[in-house]
Amino acid sequence: MNDLFTQAQAATDFIRARFPSTPKLALILGSGLGDFASQVADAVTIPYSEIPHFPQSTVAGHSGKLVLGTIGGITVAVMQGRVHAYEGYTMEQVTFPMRVLGLLGAQRLIVTNAAGGINTLYGQGAIVAISDHINLTGSNAALGPNEPRFGLLPGSGQRFFDMTTAYSPALRQLAVSEAAQQGWELSEGVYIGVLGPSYETPAEIRAFRTLGADLVGMSTVHEVIVARHMGIEILGLSVVTNMAAGVLDQPINHEEVMEIGRRIAGQFTSLLTAIIPKFGEPAQMAAR
Ligand code: HPA
């Protein structure tokens, strides 16, 4: 039967044949952040188009390659580009790569995205650690029959699963401390996930602020939901590529989103390359 699990296993087997090591950590690089994949040493690069059942990105700035290798001695699997529900993909397709990263053996995930800044304390170009999310996309990636075989880590793969600490406080603390050591403050904030592809209206942004959101974006929440279903520990990082609609008296455009990603690439790379080696340790120890 060619069900989701069988398809994810076929993709996993295909990747393992090219890269037999087990990645400890998975990274998903969001809009404008894909260049970080060049940090991977001894890289094996596989275009999504070659991987069985992998969806193809249709958005500028998402190159669509899986890069496997090491960063700071840690074996990593890096997704350079992702697909989004607004491209017309189903929840299963959007989260298929995340399922495969889990089956490859990743126990931790760094998920990144470009986001609009709702919290006016953030400036354009700020990097923010996601402390929690609000899923306002209207769907949930764990919909459908539960597949316990995705629960590879202890206690995971349940029909109903906890989202209390979806974004690991210990991993976040690790990132906050490292940023402080590098001389800047990594703020924390709540990410509200929306469907897109239109940017929001100013009225929506005011409503989201009232709901408790600091950041808005069109990705991440679905990947985080299935990663938690699999028991994976998560660090989420947003880059504030623009202030959300109505915060400033100007329209939002995608080129600006891409440009800011490139502008903060150095800072983003320094943070990630410093924290990734610590992701090989248990989180409590790594956070010290
Ligand atoms: N809204 C939604 N998604 C986004 C934004 C935004 O303002 N900026 C980058 N991704």
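Hydrogens, waters and symmetry mates play no part in the numbers below; they use all other heavy atoms, side chains included. Predicted, not measured: the structure shown is a model, and the values here were computed from it. Remember, it's 1-based here, ligands and their atoms both numbered in the order they're listed.
Side-chain N or O atoms of T75 include none that pairs as donor or acceptor with a backbone N or O of T70 at under 3.5 Å. A donor-acceptor contact shorter than 3.5 Å is absent between the side chain of R228 and the backbone of F161.
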Could you go through residues 264-277 and list every donor-acceptor pair under 3.5 Å that involves a side-chain atom there, pairing it with any protein atom two or more places apart or in another chain?
unit_1, atom_1, unit_2, atom_2, d
T269, OG1, A265, O, 2.7
S270, OG, G266, O, 2.9
T273, OG1, T269, O, 2.7
T273, OG1, S270, O, 3.3

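Salt bridge present: K278 and E178 bring a charged side-chain N and a carboxylate O closer than 4.0 Å.
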Show me a pair-per-line table, with atom names and distances to 0.1 Å, of protein N or O atoms that are under 3.5 Å from an N or O of ligand 1.
unit_1, atom_1, unit_2, atom_2, d
ligand 1, 1 (N), E200, OE1, 2.8
ligand 1, 1 (N), E200, OE2, 3.3
ligand 1, 7 (O), N242, ND2, 2.9
ligand 1, 8 (N), G116, N, 3.4
ligand 1, 8 (N), N242, OD1, 2.6
ligand 1, 10 (N), A114, O, 3.3

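Under the 30°/60° scheme for interplanar angles, the aromatic rings of H229 and F150 are found to stand perpendicular.
Side-chain rings of H133 and Y191 stay apart, their centers remaining 6.0 Å or farther from each other.
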